[in-house]
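All figures in this text were calculated on a predicted structure; none of them were measured in a lab. Excluded from the calculations below are hydrogen atoms, water molecules and symmetry mates; all remaining heavy atoms, backbone and side chain alike, are included. Proteins get letters first, then strands, A, B, ... in listed order; numbering begins at 1 in each.
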Number of protein chains: 2
Amino acid sequence: MFKSRLNQLIESKNSLLCVGLDADPDKIPSVFHQHDSPVVAFNAAIIEATSELAIAYKPNIAFYESRGIRGFKDLEETLLLIPKTCLTIADGKRGDIGNTSQMYAKAFYEHWNFDASTVAPYMGHDSLLPFFEYQEKLTFVLCLTSNNGSADFEEQRLANGKKLYEAVLEKVLAWNKAGNIGIVVGATKPEQLAEIRQKAPEIVILIPGIGAQGGSLEETIRYGTDKNQESAIVVSGRKIIYPDGKFTSIDEFQRAVNERAKATVLEMRQYLKTNL
Amino acid sequence: MFKSRLNQLIESKNSLLCVGLDADPDKIPSVFHQHDSPVVAFNAAIIEATSELAIAYKPNIAFYESRGIRGFKDLEETLLLIPKTCLTIADGKRGDIGNTSQMYAKAFYEHWNFDASTVAPYMGHDSLLPFFEYQEKLTFVLCLTSNNGSADFEEQRLANGKKLYEAVLEKVLAWNKAGNIGIVVGATKPEQLAEIRQKAPEIVILIPGIGAQGGSLEETIRYGTDKNQESAIVVSGRKIIYPDGKFTSIDEFQRAVNERAKATVLEMRQYLKTNL
């Protein structure tokens, strides 16, 4: 089960950190460009520099898909580099009619063998069911996202008084018989995160939005974790993988990445009950 | 502009048919399995047998993604086989925060150079804007889909009395300054299709759900087209690409596919004002 593995990792590493592997070739330091596959070399350096601190890695599929076959080759090679002591989350936000959604679920959970993935709820239960049927995997349903556009639909109030994202949460709680469904809630909305955690005390929450997007790490941990300060995954992408400065060697880049990750995890530990 | 090209094709071919290229290796007739790339050979046969009848082809990305790099190679080879007299629609239902959505838009509109694609609205405007910025392309926003799960969220009533899909339609109409945004409405909901067309007399509507999913072609054309009986794309997938029977040659398969496509287009022409 994903959730028990996750919480074991959170305990043993004393960390909630998930590193977003959103490798943009235009932003990768020049020191990697001499490699045949700059993206793979870049990801390899990041993984090596952070795998003791991170509980999970989350490649956003868009960053690979944008370069077609070459990008997917980079994704597959990257997945081989992630140690078993870290979980893998495919951030794809997929969702389609049943027979098609089954193909996406197969792509993420069989072909690439990710431990978890993200899905979009707009089309409803039957569009997500093929993902939920993989009981060992965890499927994160978008609930309340960190971007401004969340006001357009997610935060619209329904006739029954609830907001759309609250209706999504309710449905997810009803569907989650096997305990293999989680939700995505952005760190930029701490009040709503607190309310959601109260309504769903045991659910696994994937929380992007700290760092570049401005969410507070302290509030994220206080409001987002469960009663054991677990069952939450806090994503940091750009802030860790694109440290400032010019790097003349991969070693130097790795030290900067490791420092950023360590600073994030040390800050997390301040807000977690125990310190290693 | 996509819309003017579309309507020219509808006029010249007297057809609204878009063939869904959802090649499932498990369903491809055995006659294709001797080929190095059965999916490409299968798609090639379908395209050759239907390109004079169809105005567009819509590969659902899931069917290619499920097989990873091999699948994307098949997709790229398939795209090269589609003649310029047919439009290409990437059915991906993507949607993510801005910088990520930009990557998806780049994948579909630059890397693969599709003429159009589908996106999911849950995350709101900024998650779709990178797609809308490609003015020559058409981006179809999911509005009311053909599956049962549409009742879960799409058809939920909001506090202002409108249903969620109606709120999506309103936003799309407000965003559609450049005339390059369309919507997806399932053929299985003819009454709502008629209401939507009334509220959006000029928008391009992508309509899946006839054939295997049970939508009526007559109602789809009557309610889905604009005042010139244009600006609508009617998708048929499984019904055309998987004709019944065992095929001992590719020719035989192509004749069956051509018959299915021709029957669909002839039926369309009964409901369109002019017959060729």
Side-chain angles (χ1 to χ4, degrees), chain A residues 22 24 60-63 65-69 71-73 76 91-108 110-112 120-129 142 145-154 156-161 164 167-168 171 208 213 238, chain B residues 22 24 60-69 71-73 76 91-107 110-112 120-129 142 145-154 156-161 164 167-168 171 208 213 238:
Chain A
D22 303 345
D24 180 347
N60 192 310
I61 306 302
F63 285 82
E65 191 164 295
S66 65
R67 293 180 299 118
I69 289 166
F72 283 105
K73 273 192 183 146
E76 295 193 1
D91 197 357
K93 303 184 175 69
R94 302 297 196 249
D96 210 308
I97 61 167
N99 72 318
T100 304
S101 224
Q102 202 170 5
M103 289 286 163
Y104 281 126
K106 201 173 153 186
F108 292 153
E110 295 187 33
H111 187 83
W112 290 309
Y122 189 72
M123 294 178 68
H125 186 237
D126 57 2
S127 72
L128 308 175
L129 192 60
L142 294 183
T145 57
S146 55
N147 62 320
N148 291 330
S150 63
D152 286 328
F153 307 115
E154 297 174 15
Q156 285 296 308
R157 197 169 292 284
L158 300 176
N160 64 12
L164 177 60
V168 169
K171 289 276 187 192
Q213 293 180 62
R238 287 168 272 178
Chain B
D22 304 345
D24 179 346
N60 192 309
I61 306 301
F63 285 81
Y64 301 89
E65 190 164 297
S66 65
R67 293 179 299 118
I69 289 166
F72 283 105
K73 274 192 183 146
E76 295 193 1
D91 197 357
K93 302 184 176 68
R94 303 296 196 250
D96 210 308
I97 61 167
N99 72 319
T100 304
S101 224
Q102 203 170 6
M103 290 286 163
Y104 281 126
K106 200 172 154 186
E110 295 187 34
H111 187 83
W112 289 310
Y122 189 72
M123 294 177 69
H125 186 238
D126 56 2
S127 72
L128 308 176
L129 192 59
L142 294 182
T145 57
S146 55
N147 61 320
N148 290 331
S150 64
D152 286 327
F153 307 116
E154 297 173 16
Q156 284 296 307
R157 198 169 291 284
L158 300 176
N160 64 11
L164 177 60
V168 170
K171 289 275 187 193
Q213 293 180 63
R238 285 168 273 178

| task | Apply side chain to side chain contact (heavy atoms under 4.5 Å, CB included) to A/L164 and B/Q156, showing your working. | result | CA-CA 9 Å; A/L164 177 60; B/Q156 284 296 307; 5.6 Å; no
| request: Kindly determine whether B/Y122 and A/K93 satisfy side chain to side chain contact (heavy atoms under 4.5 Å, CB included), including the steps that lead there. | output: CA-CA 10 Å; B/Y122 189 72; A/K93 303 184 175 69; over 6 Å; no
| query | Would B/F153 and A/L158 count as a side chain to side chain contact (heavy atoms under 4.5 Å, CB included) if you check the C-alpha gap in whole Å, the side-chain angles of each, and the deciding distance to 0.1 Å? | reply | CA-CA 10 Å; B/F153 307 116; A/L158 300 176; over 6 Å; no
| task | Carefully, step by step, assess B/K73 and A/F72 under the rule side chain to side chain contact (heavy atoms under 4.5 Å, CB included). | result | CA-CA 11 Å; B/K73 274 192 183 146; A/F72 283 105; over 6 Å; no
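Proximity to chain B involves both the backbone and the side chain of A/P121, based on heavy atoms less than 4.5 angstrom apart. For a residue to count as touching a neighbouring chain, one of its non-hydrogen atoms must lie under 4.5 Å from one of that chain's; by this rule A/Q102 does not touch chain B.
From A/N60, atom CG reaches atom CG of B/D96 across 5.0 Å, with rounding to the nearest 0.5 Å. With rounding to the nearest 0.5 angstrom, the CG atom of A/D22 is 7.5 Å from the CG atom of B/N99. Rounding to the nearest 0.5 Å gives a distance of 11.0 Å between CD1 of A/I61 and OG1 of B/T100.
Among B/R238, B/R94, B/E76, B/E110, the residue making the largest number of heavy-atom pairs under 4.5 Å with chain A is B/R94. Counting heavy-atom pairs under 4.5 Å between each of B/L128, B/T145, B/I69 and chain A puts B/I69 at the top. For chain A, the option among B/D24, B/L142, B/D91 with the highest count of heavy-atom pairs below 4.5 Å is B/L142. Between chain A and the residues B/R157, B/R67, B/H111, the largest count of heavy-atom pairs under 4.5 Å involves B/H111. The choice from A/K171, A/M123, A/K106 that makes the most heavy-atom pairs within less than 4.5 Å of chain B is A/M123.
None of A/N148, A/D152, A/N147 except one satisfies the side chain to side chain contact (heavy atoms under 4.5 Å, CB included) rule with B/H125; the exception is A/D152.
When all heavy atoms of B/S66 and A/A107 are compared, the pair lying nearest together is CA-CB, 3.5 Å. Residues B/S146 and A/I97 come closest through the heavy atom pair OG-CG2, 4.3 Å.
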